[in-house]
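I'd like to ask you about the structure that follows.
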Amino acid sequence: MDDIADTLRLLQESLRRYVEKEVLPKAGPWEAQGFVPREVLREMGRLGFLGLRYGEEFGGGGLDARATALLAEELGRSTFGGFAITVLVHTDMASPHLVNAGSPAQIRKYLPKIVSGEWITAVAVTEPDAGSDVKGIRTRARRDGGDYVLKGSKMFITNGALADVYFVAAKTDPEAGSKGVSIFIVEKGTPGFSVGRKLEKMGWRSSDTAELVFDDCRVPAENLLGEENRGFYAIMKNFQNERIAIASMAMGEAAKALELTLEYVKTRKAFGAPLWDKQAIRQRLSMLCARVEAGRQLVRHAAALDAQGRDCVKEVSMAKAYCAELLNDVVYDCLQFHGGFGYIKESAIERMYRDARVQTIGGGATEVMLEEVAKRL
Ligand SMILES: Cc1cc2nc3c(=O)[nH]c(=O)nc-3n(C[C@H](O)[C@H](O)[C@H](O)COP(=O)(O)OP(=O)(O)OC[C@H]3O[C@@H](n4cnc5c(N)ncnc54)[C@H](O)[C@@H]3O)c2cc1C
């Protein structure tokens, strides 16, 4: 076993312990209040879970995409998708923008507090009129002396209300399509920036999702992240990471849903015997277990290619499409085999069923993923 395999195994054990002890028994109220308490992220920071991919000089773990896959799978196993996505947006969807494109001064200013969980991050690309089609965003960033002035709004932003630091996509050259997008660092409290409506969702209820409003929000030019007009490419690059995280999270959720269902059907009796004795049920569950194992291997393969620095857009897109759709198949059948109890609010399966639905949409809809695959066949 090489060093990284040992490190990942130890990481998996400590994540699993953390989730079982600190999340599973405590996360019910987070669903009701609509957000994960800040203290939870701080504790995860203290335990070293928030900077797995970042340099040790910033308190990070110096690991690669295989650690993202592992973190996402273990958080997915928590059965609370809203908790998992809160953390994963911070670690693997928002903060990588800083590390990939930030200047040394920007990284020094923000990264230590991101890794420690003191500052929560969000990434704001989607708008009311543009989601899948990123180049269609309309938020404008106009240069004015030593500042940029942002005007527009953002939609469906995870960690939208609670974040301290936002990575915001805006058009610096509105005529140039994908070649006119830039990314800006916007801190909470910047005049002209406000959090709009908090959005009520079907699932992921412990994740805070909000609209953001930029009304002549002035940020200093030094808050431009990376090069002007190169933001679209930065977003596309980071999508690989995001999609590995969402696919792997889906496989953690699916594996856990199957475990809960296996336990249930082995004890629940109908027609004089456990449900497990029905061939139709045990064969259906066996096939789902096989598909989840296949999905897990696919996403791990994509993460391993990413770790080697190889082009893996096709594999990552396959994994995101396959795993998100598979999760929905799994929770559908798992709820079915729980019978009426599966439909009752206090059962984990009821929540997992609702949580799963967004995963074929967020971070790249299945159809968009399949177009990425098709381009490469
Ligand atoms: C809970 C939640 C959290 C989110 N968090 C964030 C966040 O933190 N930051 C952020 O920037 N965004 C976030 N999003 C936005 C998310 O990434 C978008 O919803 C997603 O990219 C789809 O965009 P859209 O909703 O505008 O759908 P549209 O782009 O309008 O597409 C609607 C549907 O059309 C279909 N479709 C789209 N394109 C094609 C195509 N080429 N071929 C065939 N069919 C197609 C798909 O079925 C798609 O679901 C979040 C969304 C949700 C629901």
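Just so you know, ligand 1 is whichever comes first in the structure, and atom 1 is the first atom listed for that ligand. The basis for the numbers below is simple: all heavy atoms, side chains too, and nothing from hydrogens, waters or symmetry mates.
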> Taking the six-membered ring for Trp, are F193 and Y166 parallel (under 30°), tilted (30 to 60°) or perpendicular (over 60°)?
Replying inline: perpendicular

> Which residue owns the protein heavy atom closest to atom 22 (C) of ligand 1, what's the atom, and how far is it?
Replying inline: S132 OG, 3.8 Å

> For atom 53 (C) of ligand 1, is the nearest protein heavy atom under 4.0 Å away?
Replying inline: yes

>> To check your reading of the model: name the closest protein heavy atom to atom 18 (C) of ligand 1, its residue, and the distance in Å.
In response: T126 OG1, 4.2 Å

>> Return the closest protein heavy atom for atom 45 (C) of ligand 1 as residue, atom name and distance.
In response: E367 CB, 3.8 Å

> Is V186 close to C217 at the side-chain level, that is, under 4.5 Å between some pair of heavy atoms?
Replying inline: yes

>> What protein heavy atom lies closest to atom 17 (O) of ligand 1? Include the residue and the distance to one decimal.
In response: G363 N, 3.4 Å

>> If you measure every N or O of K201 against every N or O of ligand 1, does any of those distances drop under 3.5 Å?
In response: no

>> Give me the nearest non-hydrogen protein atom to atom 26 (O) of ligand 1 as residue plus atom name, then the distance to 0.1 Å.
In response: G131 CA, 3.1 Å

> Which residue holds the protein heavy atom closest to atom 51 (C) of ligand 1, what is that atom called, and what is the gap in Å?
Replying inline: F156 CB, 3.5 Å

> Are the charged groups of R205 and E31 less than 4.0 angstrom apart, N to O?
Replying inline: no

> What do you think, any protein heavy atom under 4.0 angstrom from atom 28 (P) of ligand 1?
Replying inline: yes

> Among protein heavy atoms, which sits nearest to atom 8 (O) of ligand 1, and what does the distance come to when rounded to 0.1 Å?
Replying inline: T158 N, 3.0 Å

> Which ligand 1 atoms are under 4.0 Å away from a heavy-atom of I361?
Replying inline: 20 (C)

> Is the NZ or CZ atom of R142 both under 6.0 Å from the centre of the six-membered ring of Y148 and within 45° of that ring's axis?
Replying inline: no

>> Tell me whether V358 has any N or O atom under 3.5 angstrom from an N or O of ligand 1.
In response: no

> Which residue owns the protein heavy atom closest to atom 39 (C) of ligand 1, what's the atom, and how far is it?
Replying inline: V368 CG2, 3.9 Å

> F49 and T91: which non-hydrogen atoms are nearest, and at how many Å?
Replying inline: O-CG2, 4.1 Å

> Can you find a protein heavy atom under 4.0 Å from atom 34 (O) of ligand 1?
Replying inline: no

> Just which atoms of ligand 1 are under 4.0 Å from any heavy atom in A365?
Replying inline: 46 (C), 48 (C), 49 (O)

>> Evaluate V125 for polar contact with ligand 1, using N/O atom pairs at a separation under 3.5 Å.
In response: yes

